[in-house]
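Working notes, beginning with the structure itself.
The analysis underlying the following values was restricted to heavy atoms, covering all of them including side chains, and did not include hydrogens, waters or symmetry mates. Everything numeric in this text was worked out from a predicted model, so none of it was measured. The chains referred to below are lettered A, B, ... by the order of the sequence lines, with proteins before strands, and numbering in each begins at 1.
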There are 2 protein chains.
Amino acid sequence: MPKVVDHDARRQELAEATWRLIRREGLEAVSVRKVAREAGVSPGSLRHYFTSQSELLAYALRMVGERIEQRIRSLEPGQTLEDHVQALIEQVLPLDEERATEAVIWLAFVGKALVDPELAKLATETHNALYHLFHQLIKAMVRHGALPRETDVELEARRLHALVDGLALHGVASEEPLSPQMIRQIVAHHLEQLAAKAGAVPGRGEA
Amino acid sequence: MPKVVDHDARRQELAEATWRLIRREGLEAVSVRKVAREAGVSPGSLRHYFTSQSELLAYALRMVGERIEQRIRSLEPGQTLEDHVQALIEQVLPLDEERATEAVIWLAFVGKALVDPELAKLATETHNALYHLFHQLIKAMVRHGALPRETDVELEARRLHALVDGLALHGVASEEPLSPQMIRQIVAHHLEQLAAKAGAVPGRGEA
DNA sequence: TCGCTTATGATACAGCTGTGCTAAAATGAA
DNA sequence: TTCATTTTAGCACAGCTGTATCATAAGCGA
């Protein structure tokens, strides 16, 4: 009989069990034994796939990033540029259970990365990747005339980045979290306000 | 010889030791023994001031809130309303070591509150208090004509709140944190942009 | 069939955890 | 001083932690 699942698929299952655990009980609750129990395997077996706990955690975090990345890549271009930008941003916001879980995991890791140099490197990678995305979005919108030509791209990218991470945080807050509707509305409003001056300033051509 | 310090002062010292520990090693690293060692007392002694660990943590978090609150209260009104608002917001942003420590503590607690119902209640209180402050600020600015009359106060308060928490997060990020200058600039820019339409729309009087 | 690799399960170890308990020390009033 | 209260220190308990080691079991090419 052939192997039911291969090595990588098993690692992914274990990572998903880790996600569920983080989502339910937080990152601190993640222990080798609990993850194994959650995944329905023995602790010794888990250890066969991940030599150390940090290796498991790093893998679990990396998979979150890849899942988001894949979702973004498979996003077909929207009607207008603004719609597309909104759709892109919504991929990293806790608008459904799947993305809420990702947000919780992400925030938990960032919190731990504040003091764990090992995870800090990984967290910084993801952080910078997201900033880079926002930077490109802003730049593209300026290029297409959706944003004023005098827009400070870095400033707006950092502002959008902070807003999005803040919304993610508030969207998964324990009590009375920000509703998906409100989150969407805030993002839309932010993009509108960004573009406001583009309409007000008629000089869209060369100076 | 009279008592060198009284009961409450001792509790405060222990809370500050807890802060230092959280700042240095994270919330997970907080154990009864470590806090006691950090404060230079025996674990048994610590237990005399705080019956349980959660009582210590709750006290430590509450004290952060009170310190911020006191800083805000002792803030003398700025030259313009915009300056005052900026100064208020800056009290909760990691612009120096003291406020960075507060931000780390706050974020650590929020992370833990995601899964700990005990702390969730306390975290929600602080969260709501900050939202309430922002709500009042926006409302005051609208009343003073610094913001357009048609401003959606709740929306803008939530947006500002998310932005501020996001900036706090990025300001204490492990590697290449957002610089205080950049944080200040982003807040100032946000407030300017908020006010932009107030100037553009001349109808400041009755409709 | 044999033999090798991979996978699994179980156990053990040292270390840390929160908390409870007990006895000593220090303090302050009588 | 004497006495009662507060404060401190230390120890013990049960439980959980990451990790290492080992023996068993399963899969699979020869």
By nearest heavy atom, map A:Gly44 and A:Val32 onto DNA chain D; which one lands nearer the 5' end?
A:Val32
Residue A:His7, side-chain heavy atoms: nucleotide from D:dT7, C:dA7, C:dG18 that is nearest
C:dA7
Which of B:Gln185, B:Glu192, B:Gln193 passes side chain to side chain donor-acceptor pair (under 3.5 Å) with B:His189? Answer is B:Gln193
Going by an N to O cut-off under 4.0 Å, is there a salt bridge joining B:Glu102 and B:Arg71?
yes
Nearest-Å distance, CZ (A:Arg37) to P (D:dG18)?
11 Å
In whole Å, I'd like the distance from the CZ atom of B:Arg11 to the P atom of D:dT6.
15 Å
Strictly below 4.0 Å: does A:Tyr49 bring a side-chain N or O up to OP1 or OP2 of C:dT6?
no
Would you mind telling me which of B:Glu154, B:Glu156, B:His161 makes a side chain to side chain donor-acceptor pair (under 3.5 Å) with B:Arg158?
B:Glu154
Donor-acceptor pair under 3.5 Å, B:Arg33 side chain vs C:dG18 base
yes
Is A:Ser31 close enough to D:dT17 that one of its side-chain N or O atoms is under 4.0 Å from OP1 or OP2 there?
yes
Is a donor-acceptor contact shorter than 3.5 angstrom present between the side chain of A:Arg47 and the base of D:dG18?
no
Between CG of A:Leu56 and P of D:dG18 the distance, given in whole Å, is 10 Å
Round to the nearest Å and state the distance from B:Asp6 atom CG to C:dT27 atom P.
15 Å
If you check the A:Gln53 side chain, which of D:dG18, D:dT8, C:dT8 turns out closest?
D:dG18
What contact category does A:Val35 fall into here, base, sugar-phosphate, or nothing, at under 4.0 angstrom with non-hydrogen atoms?
nothing
For B:His48 and C:dT22, give me the distance from atom NE2 to atom C1', rounded to whole Å.
14 Å
Nearest-angstrom distance from the residue atom CD of B:Glu55 to C1' of C:dT19
13 Å
Check the distance between D:dT17's P and A:Leu46's CG and give it to me in whole angstrom.
13 Å
Side-chain donor-acceptor pair under 3.5 Å between A:Glu176 and B:His127, yes or no?
no
If we count only N and O atoms by modelled type, under 3.5 Å, do the side chains of A:Glu97 and A:Thr101 hold a donor and an acceptor together?
yes
Just how far, in rounded Å, is C1' of D:dA26 from CZ of A:Arg10?
13 Å
